Amino acid sequence: MKSKLIFATNNQHKVDEVRHVIGDRFEIVTLREAGIDIDITEPHDTLEENATEKSHTIFHLTGQDCFSEDTGLETDALNGEPGVKSARYAGEGRDFQRNIDKLMLKLQGQHNRKARFRAVISLILSGKEYQFEGICEGRIATEQKGLQGFGYDPVFVPDGADKSFAEMSMEEKNQYNHRQKAMTKLIHFLSQSS
Ligand code: IMP
């Protein structure tokens with residue numbers, strides 16, 4: 001029988017990406033499928049604390065094994081901005097385009113475009129928490145390109161590629177994807193512990 005894991009997110013893009021790699025042994029249940037209709041807050045200064053906040057919230061509601069994920073885009077020229085504030089960089093509306101516009105404006109004329117996505121997954125298994133990190137190094141392009149994906153995908157070019165995440169299919173993006181790197185560690189951990 002498949003083991004069930006609730007994924008504490010309302011972001012369907014993230015769910016699709018994770019389902020793509022999770023394999024047959026685990027069934028990913030979304031918040032909506034679990035009948036949970038909440039917008040979990042991300043009030044902390046670190047990705048680690050926010051991931052913990054989300055997984056603990058869902059665990060306390062359901063008592064079931066679950067995991068959450070928090071990601072930040074960190075740029076060197078802006079001392080790690082937008083970082084933990086990536087989702088709300090241009091305000092509470094969490095508008096992807098406004099976030100990109102703000103980032104591009106702040107990096108205008110800047111030669112150092114180095115950036116990375118850093119994802120932290122918090123897993124709660126049998127009531128105990130474990131964390132996994134995934135990093136994708138790359139750079140912020142000087143212009144926005146592509147229509148796939150979400151968030152900062154149109155301006156992020158991973159190291160080793162010559163196009164943005166938004167110009168890639170999901171398979172291509174998953175070769176570099178920060179979230180997949182953290183998920184691979186989680187899957188490895190689960191296969192060792194079952
Ligand atoms: P969250 O708080 O973990 O949902 O993510 C924070 C923000 O980072 C999101 O709103 C997106 O703007 C951005 N983000 C997270 N993962 C990705 C990704 O894979 N591609 C592009 N942007 C992402």
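As a basis for the values below, the full set of heavy atoms in this structure was taken, side chains included, without hydrogen atoms, waters or symmetry mates. Just so you know, these numbers come straight off a predicted model, no measurement behind them. Remember, it's 1-based here, ligands and their atoms both numbered in the order they're listed.
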Quiz prompt | ring pair (Phe, Tyr, Trp, His ring centres under 6.0 Å) involving Tyr152 - partner list, sequence neighbours excluded | solution = none
Quiz item: Taking Asp65 for the side chain and Leu5 for the main chain, is one N or O donor matched with an acceptor at less than 3.5 Å?
Solution: no
Quiz item: Is it true that a side-chain atom of Ser68 and a backbone atom of Ala51 form a donor plus acceptor pair closer than 3.5 Å?
Solution: yes
Exercise. Could you pull out every protein residue that has a heavy atom closer than 4.0 Å to ligand 1, ordered by chain and then number?
Key: Lys14, Glu42, Glu69, Asp70, Thr71, Ser86, Ala87, Phe96, Phe117, Phe150, Gly151, Tyr152, Asp153, Lys173, His178, Arg179
Quiz prompt | Option from Asn11, Asn174, Asn177 for which side-chain hydrogen bond (donor to acceptor under 3.5 Å, both in side chains) with Glu17 holds | solution = Asn177
Quiz item: Looking at Phe132, is Lys185 sitting on its ring face, NZ or CZ under 6.0 Å from the six-membered ring centre and within 45 degrees of the normal?
Solution: no
Practice problem: Check each of Arg118, Arg116, Arg179 against Glu133 using the salt bridge (charged side-chain N to carboxylate O under 4.0 Å, His left out) test, and report the only one that passes. | Solution: Arg118
